[in-house]
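Encoded as structure tokens, the structure appears first; notes follow it.
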Amino acid sequence: DNQSPKAEIRGVTPYMITSRPLTAVYRVQEENVLDEFHAEVKYENTKGRKQSQELLVWEDHGEMKRSVHRLREDGIYRLHIYAKDAAGYEVKQTAQVIVDQENPVIRYVDTLDQAKLKSFEWNYRKEELIQDFTGYDYEVRLDGRLYSMGERVTREGQHILEVHATDRAGNTSHAKAVFTIDHTAPEIVFEGVKEGEKYEGHLTFKIGVKDTEDILRKVQINGKEQQHVQGKARTGFSIKKAGDYEVIAEAKDQTGNVAVNQFQADKERAEEKRRRASKNTAPSKSRRNSAWYSAYWWSNLLNQFFEAV
């Protein structure tokens with residue numbers, strides 16, 4: 001016997017990565033006397049747990065021995081087969097196979113979907129953004145063009161972020177998010193009142209935001225914060241007492257932009273109104289002097305008439 005036995009592992013190739021379960025077939029063949037043979041599988045799962053298994057069941061086909069092992073679970077398989085004949089010739093073969101049936105996991109994109117931001121900037125490392133048991137290739141696109149990590153985007157409006165990943169086993173993943181950049185402060189609107197105006201009687205006015213998605217944070221009238229304002233898009237106020245008033249309103253949008261607006265108004269007192277009205281109806285000094293002179297002239301004329309009689 002001058003030939004060594006044959007030992008092989010079929011159904012796999014060394015260092016292959018697959019996304020499907022495999023069947024490994026171990027074969028040992030010796031034309032004379034086979035002295036010793038065995039096969040072993042060392043398995044490491046995706047969490048790093050290791051275990052070994054020796055194949056004990058073999059089919060006997062005369063000169064050829066055969067055993068089958070199914071690779072079903074994701075992980076790393078290290079396959080070994082060894083044979084030795086009676087003449088002392090030895091042979092062995094090994095193979096490493098990775099089974100990865102899971103798609104790459106893309107992180108953080110879902111938290112960005114429908115978000116409102118003042119600006120956008122991503123600084124995630126590759127291993128933070130994508131997780132997979134094997135290696136992978138990936139790309140990040142913003143509004144259809146490749147995005148470079150660390151790039152700051154401030155252009156207002158709607159944006160689309162997409163991440164594609166393909167692992168070594170051919171599994172693919174795709175994640176998409178639509179978000180809005182907005183760094184414009186909300187617009188506060190005053191209704192029924194104007195800056196610096198004077199008002200008589202019962203003063204009623206409203207304060208609100210132009211965009212209904214924005215909200216009021218607080219309203220102060222002469223330094224006193226008004227109740228039941230926060231979170232509303234529009235609310236009304238009534239002032240009965242006369243005096244000078246300063247109204248300050250603060251609003252916030254969903255992005256976090258804040259706006260402050262204010263106005264001053266004067267609500268007149270009733271007595272001031274009557275006093276002003278009486279001044280407008282009283283005769284002027286020139287008119288009063290003219291009336292006195294007319295009465296004096298008629299008095300003199302009557303006196304002269306009676307003396308003549």
Side-chain angles (χ1 to χ4, degrees), residues 17 19 44-48 74-76 98-190 207-220 225 229-235 248-262:
I17 301 175
S19 61
E44 180 180 346
N45 67 14
T46 56
K47 296 182 179 180
D74 286 4
I76 302 173
I98 296 177
V99 177
D100 180 9
Q101 303 171 79
E102 298 294 329
N103 295 330
V105 177
I106 301 174
R107 306 172 66 194
Y108 305 114
V109 177
D110 56 341
T111 61
L112 190 63
D113 194 35
Q114 302 305 317
K116 293 183 180 292
L117 311 171
K118 293 182 180 180
S119 63
F120 172 77
E121 182 178 349
W122 256 16
N123 286 296
Y124 294 115
R125 298 192 304 272
K126 177 181 178 179
E127 58 272 18
E128 290 180 309
L129 182 60
I130 300 173
Q131 294 182 339
D132 191 79
F133 179 59
T134 63
Y136 52 86
D137 296 316
Y138 79 105
E139 68 175 19
V140 180
R141 290 185 176 271
L142 181 64
D143 299 328
R145 66 177 184 86
L146 287 174
Y147 174 78
S148 300
M149 289 295 181
E151 178 185 356
R152 189 166 184 264
V153 180
T154 59
R155 182 172 59 86
E156 288 195 316
Q158 189 178 86
H159 299 270
I160 300 175
L161 180 77
E162 296 179 278
V163 179
H164 300 268
T166 303
D167 66 18
R168 297 292 184 264
N171 303 301
T172 61
S173 289
H174 173 249
K176 178 180 177 180
V178 179
F179 64 93
T180 303
I181 293 179
D182 175 19
H183 41 75
T184 300
E187 183 178 347
I188 300 173
V189 179
F190 298 109
I207 302 176
V209 286
K210 190 172 183 179
D211 190 336
T212 55
E213 292 185 354
D214 303 336
I215 59 171
L216 293 169
R217 292 184 66 184
K218 63 180 178 180
V219 173
Q220 291 182 333
E225 187 167 340
V229 171
Q230 187 172 5
K232 293 183 178 180
R234 193 165 178 259
T235 188
I248 301 175
E250 183 177 310
K252 180 180 179 181
D253 63 16
Q254 294 183 3
T255 311
N257 301 301
V258 176
V260 177
N261 201 354
Q262 67 181 53

Closest approach of [X] and [Y], non-hydrogen atoms and distance?
{"X": "K176", "Y": "I160", "result": "CE-CG2, 3.7 Å"}
{"X": "Q101", "Y": "D74", "result": "NE2-OD1, 2.9 Å"}
{"X": "N171", "Y": "S19", "result": "OD1-CB, 3.3 Å"}
{"X": "A259", "Y": "A185", "result": "CB-CB, 4.0 Å"}
{"X": "R155", "Y": "H159", "result": "O-NE2, 2.7 Å"}

Tell me, please, which residues at least two apart from Y138 pass ring pair (Phe, Tyr, Trp, His ring centres under 6.0 Å). none

If we only count heavy atoms from C-beta on, is the [X] to [Y] side-chain gap below 4.5 Å?
{"X": "H164", "Y": "T172", "result": "no"}
{"X": "I181", "Y": "V153", "result": "yes"}
{"X": "T180", "Y": "L117", "result": "no"}
{"X": "I207", "Y": "I188", "result": "yes"}

To the nearest 0.5 Å, how far apart are [atom1] in [X] and [atom2] in [Y]?
{"X": "Q254", "Y": "D211", "atom1": "CD", "atom2": "CG", "value": "8.0 Å"}
{"X": "Q158", "Y": "D143", "atom1": "CD", "atom2": "CG", "value": "9.0 Å"}
{"X": "D182", "Y": "T154", "atom1": "CG", "atom2": "OG1", "value": "12.0 Å"}
{"X": "K232", "Y": "Q230", "atom1": "NZ", "atom2": "CD", "value": "11.5 Å"}
{"X": "Q131", "Y": "S173", "atom1": "CD", "atom2": "OG", "value": "11.5 Å"}
{"X": "E127", "Y": "R107", "atom1": "CD", "atom2": "CZ", "value": "10.5 Å"}

Intermediate values then yes/no, salt bridge (charged side-chain N to carboxylate O under 4.0 Å, His left out), R217 and E250: CA-CA 5 Å; R217 292 184 66 184; E250 183 177 310; 3.1 Å; yes

Are the side chain of Q262 and the backbone of A249 linked by a donor-acceptor contact shorter than 3.5 Å? no

Taking I130's backbone N and O only, do any of them form a donor-acceptor pair with Y136's side chain (distance below 3.5 Å, no angle check)? yes

Which one of T111, L112, I106, D113 satisfies the side chain to side chain contact (heavy atoms under 4.5 Å, CB included) criterion with V109? I106

So if I apply the side chain to side chain contact (heavy atoms under 4.5 Å, CB included) rule between T255 and each of H183, E213, K118, which one comes out positive? K118

Test side-chain contact (heavy atoms from CB on, under 4.5 Å) on V140 and L146 and set out the steps. CA-CA 6 Å; V140 180; L146 287 174; over 6 Å; no

Parallel, tilted or perpendicular: which describes the rings of W122 and F120, with under 30° parallel and over 60° perpendicular? tilted

Evaluate whether atom [atom1] of [X] has more than 12 neighbouring non-hydrogen atoms of other residues, nucleotides or ligands under 6.0 angstrom away.
{"X": "K47", "atom1": "NZ", "result": "no"}
{"X": "R145", "atom1": "CZ", "result": "yes"}
{"X": "Q220", "atom1": "CD", "result": "yes"}

Got a sec, which residues hit salt bridge (charged side-chain N to carboxylate O under 4.0 Å, His left out) with E139, two or more places apart in sequence or on another chain? R141

Taking atom types as modelled, is there a side-chain donor on T134 or D132 under 3.5 Å from an acceptor on the other? yes

Taking it one step at a time, do K252 and L216 satisfy side-chain contact (heavy atoms from CB on, under 4.5 Å)? CA-CA 6 Å; K252 180 180 179 181; L216 293 169; over 6 Å; no

Begin with the C-alpha distance, continue with both residues' side-chain angles, and end with the deciding distance and a verdict on side-chain contact (heavy atoms from CB on, under 4.5 Å) for D100 and D167. CA-CA 9 Å; D100 180 9; D167 66 18; 3.0 Å; yes

Pair K116-D253, salt bridge (charged side-chain N to carboxylate O under 4.0 Å, His left out): steps then yes or no: CA-CA 9 Å; K116 293 183 180 292; D253 63 16; over 6 Å; no

Verdict with reasoning, D137 to R168, per side-chain contact (heavy atoms from CB on, under 4.5 Å): CA-CA 8 Å; D137 296 316; R168 297 292 184 264; 3.8 Å; yes

